[in-house]
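Notes follow the structure.
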Amino acid sequence: FFSLSHLIRLNTMTCDSDTQLHWHWYIMTCIMPICFTMCIGLVVLQRQSLQWYSKTKATAKEDVYSNKTELVCLYGQYLIGCLCSLQCFLCHVSNLLSELYCVYGMPICVIIYAGTKSCLYGFFIQRAKCAQGLCVKKTLLPPFVWRYVFPSYLAIYFLVYLILCSVTFRGKVVDPRTNSSVPTACLFGRFYPWVFTVSALLDVVNSLLFLLLFMYPLYHIMLKCKSQQELHTPSSIVVPNQTPVPAAETAAAAAAAVAAEEETPRDLLQVKHTMKVNVMCSSICSLSSATFLFVMSFSNTGVIGHYLWLGGNLDIMINSVCLFLMLGINRQYLAAKCVANYCNEHAADAALPRHRSKTGTETSNATSNQTSECVHIDHDRDQDDERKSDE
């Protein structure tokens with residue numbers, strides 16, 4: 001924040017640009033560090049969530065979180081997102097640095113952004129792979145696809161972007177203190193719009209594919225839960241002319257039926273909730289990235305390219321938050337902490353009036369006791385005075 005205030009003060013002293021563009025520079029410079037702070041905060045929250053899960057949910061024979069690859073992709077999204085947001089900010093103020101930083105920092109920033117997308121897709125693949133184990137008979141792809149094809153696809157995806165961005169992208173330094181029409185210091189000097197257009201389409205296809213692979217087994221689990229719920233209804237259990245069954249077996253069968261009726265709706269609701277959360281978060285990630293990449297394909301027209309760095313920061317922040325919420329233990333951790341804080345606050349608020357009322361009651365009782373004692377003393381004194389007067 002000290003560096004940020006120094007940059008703002010420097011720009012204020014030397015910039016004679018239009019007031020609206022001047023405030024655009026302020027807004028971009030102040031909002032962009034929020035993404036960096038958000039990604040760092042997600043790393044801390046993720047660590048606290050895993051520690052909370054290990055203390056409250058995990059058993060002694062169970063690992064804290066068994067899917068290590070998913071955690072690697074998750075932490076990779078957070079940390080590479082921090083690096084990308086920092087690179088975007090430095091490119092935004094590259095007029096204070098060397099000119100080469102903007103020229104070659106532009107392709108580096110796009111490559112780092114491709115790294116965040118690789119971690120995002122890796123997380124989606126691991127989520128879909130875990131869902132296949134819940135319903136082995138209902139899988140769309142054979143095991144070798146999950147083990148070899150998808151990891152190779154992610155590696156090729158990142159290598160293609162690494163080579164393509166190194167060749168096609170270059171930056172151009174523009175000093176906002178001398179050029180009043182630009183609210184940033186680094187623009188596209190050379191780029192190909194079709195790269196962003198293909199990237200947007202590819203992002204939509206990848207998100208839909210991985211979401212379908214995740215939802216397919218869960219959909220069959222939901223159908224299975226519904227069928228089990230129908231089988232345990234009272235109408236399907238009653239059989240006419242049934243032979244007598246011992247009382248112990250009848251009680252055991254009734255208890256099993258009641259337990260099945262209680263567990264099946266709970267499992268069904270849990271599956272539905274998981275599907276809704278993943279559909280919502282995946283849709284938000286895909287919509288954010290596709291919109292950003294498609295809009296950036298028109299960077300050479302109008303003022304769209306002036307807000308490249310701000311759009312990239314916002315997209316990374318949205319993707320990181322959605323990935324954090326897609327993990328079930330993170331949602332449970334946030335719910336537990338929010339409910340605990342809410343209950344503690346309301347308990348404190350509820351206890352305060354009781355304490356006040358209790359204190360007021362005790363005070364009034366003490367006052368009444370003192371008053372009654374004074375009345376008795378005065379009455380005794382009056383009786384003594386009457387006796388003396390009679391004597």
Side-chain angles (χ1 to χ4, degrees), residues 39 67-85 87-88 104-133 139-170 188 190-216 278 281-283 285-297 299 308 312 315-316 318-320 322-323 326:
C39 292
N67 198 339
K68 303 299 182 183
T69 307
E70 188 174 287
L71 287 180
V72 169
C73 295
L74 199 61
Y75 278 110
Q77 170 70 25
Y78 301 152
L79 297 176
I80 299 177
C82 292
L83 184 61
C84 187
S85 62
Q87 178 68 14
C88 289
Y104 296 101
M106 170 80 71
I108 292 175
C109 188
V110 180
I111 291 171
I112 297 174
Y113 177 81
T116 62
K117 300 303 295 182
S118 300
C119 293
L120 179 70
Y121 298 149
F123 180 83
F124 287 165
I125 291 173
Q126 288 299 316
R127 294 286 285 173
K129 183 179 178 180
C130 292
Q132 309 306 310
T139 56
L140 289 174
L141 300 175
F144 78 91
V145 175
W146 300 97
R147 183 173 298 179
Y148 300 108
V149 175
F150 281 136
S152 302
Y153 169 74
L154 289 181
I156 293 172
Y157 173 86
F158 182 73
L159 289 176
V160 168
Y161 262 91
L162 179 63
I163 298 172
L164 192 64
C165 296
S166 302
V167 175
T168 57
F169 290 103
R170 289 293 183 273
F188 279 116
R190 184 181 69 189
F191 86 110
Y192 295 91
W194 61 268
V195 176
F196 286 112
T197 305
V198 173
S199 299
L201 296 176
L202 189 61
D203 184 79
V204 174
V205 172
N206 288 335
S207 299
L208 290 177
L209 173 62
F210 300 144
L211 182 62
L212 174 64
L213 294 175
F214 178 78
M215 297 284 292
Y216 185 75
N278 281 269
C281 293
S282 299
S283 302
C285 288
S286 179
L287 182 63
S288 174
S289 299
T291 302
F292 167 68
L293 293 172
F294 182 75
V295 170
M296 282 301 106
S297 62
S299 296
L308 164 69
D315 182 44
I316 292 171
I318 291 172
N319 290 337
S320 300
C322 288
L323 253 66
M326 286 178 71

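Quick caveat, the model's predicted, so the values are computed rather than measured.
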First locate atom [atom1] of [X], then atom [atom2] of [Y], and finally report the distance between them rounded to the nearest 0.5 Å.
X	Y	atom1	atom2	answer
L209	I125	CG	CD1	8.5 Å
I112	S85	CD1	OG	9.5 Å
S320	Q77	OG	CD	4.0 Å
S118	L154	OG	CG	6.0 Å
F214	Q126	CZ	CD	12.5 Å
L164	Y192	CG	OH	9.5 Å

Are I108 and F169 close enough, and set up right, to give a side-chain contact (heavy atoms from CB on, under 4.5 Å), and what steps lead you there? CA-CA 9 Å; I108 292 175; F169 290 103; over 6 Å; no
Give me the atom names and distance for the closest heavy-atom approach of [X] to [Y].
X	Y	answer
G81	I316	CA-CG2, 3.6 Å
Y113	L293	CE2-CD2, 3.9 Å
C73	G122	SG-C, 3.7 Å

Main-chain N/O of [Y] paired with [X] side-chain donor or acceptor, under 3.5 Å:
X	Y	result
S207	V204	no
S286	S282	no
R127	N278	no

How about R147: does its CZ atom have over 12 heavy atoms from other parts shown lying under 6.0 Å from it? no
Does atom CZ (F294) have a neighbourhood of more than 12 heavy atoms from anything else shown, all under 6.0 Å? no
Among residues two or more places apart or on two chains, list those pairs meeting salt bridge (Lys or Arg N to Asp or Glu O under 4.0 Å) that have a residue in residues 206-216. none
How would you list all residue pairs meeting salt bridge (Lys or Arg N to Asp or Glu O under 4.0 Å) that involve residues 191-205, not counting sequence neighbours? K117-D203
Checking S288 now: which residues fulfil side-chain hydrogen bond (donor to acceptor under 3.5 Å, both in side chains) with it, not counting sequence neighbours? D315
Check side-chain hydrogen bond (donor to acceptor under 3.5 Å, both in side chains) between Y104 and all other residues, then give those that pass, not counting sequence neighbours. none
Less than 3.5 Å apart, any donor N or O on the side chain of S289 or N319 sitting next to an acceptor on the other? yes
Residue pair M106 / F188, side-chain heavy-atom distance below 4.5 Å: yes
If you define the side chain from C-beta out and look only at heavy atoms, does anything of S166 sit under 4.5 Å from P107? no
For F124, check ring-ring contact (aromatic ring centres under 6.0 Å, His included) against everything at least two apart and list the hits. none
What pairs with Y121 under ring-ring contact (aromatic ring centres under 6.0 Å, His included), at least two apart in sequence or on another chain? Y157
What verdict does the side-chain contact (heavy atoms from CB on, under 4.5 Å) test give for L323 and C281, after you've listed the backbone C-alpha separation in whole Å, the side-chain angles of each residue and the deciding distance to 0.1 Å? CA-CA 7 Å; L323 253 66; C281 293; over 6 Å; no
Quick one, L213 with W146, criterion side-chain contact (heavy atoms from CB on, under 4.5 Å). Give me CA distance, side-chain angles, the key distance, then yes/no. CA-CA 11 Å; L213 294 175; W146 300 97; 3.6 Å; yes
Using side-chain contact (heavy atoms from CB on, under 4.5 Å), reason through L308 and F292 one step at a time and then give a plain yes or no. CA-CA 9 Å; L308 164 69; F292 167 68; 4.0 Å; yes
Should the ring pair F150 and F210 be called parallel, tilted or perpendicular, given that the plane angle runs from 0 to 90° and is split at 30 and 60? perpendicular
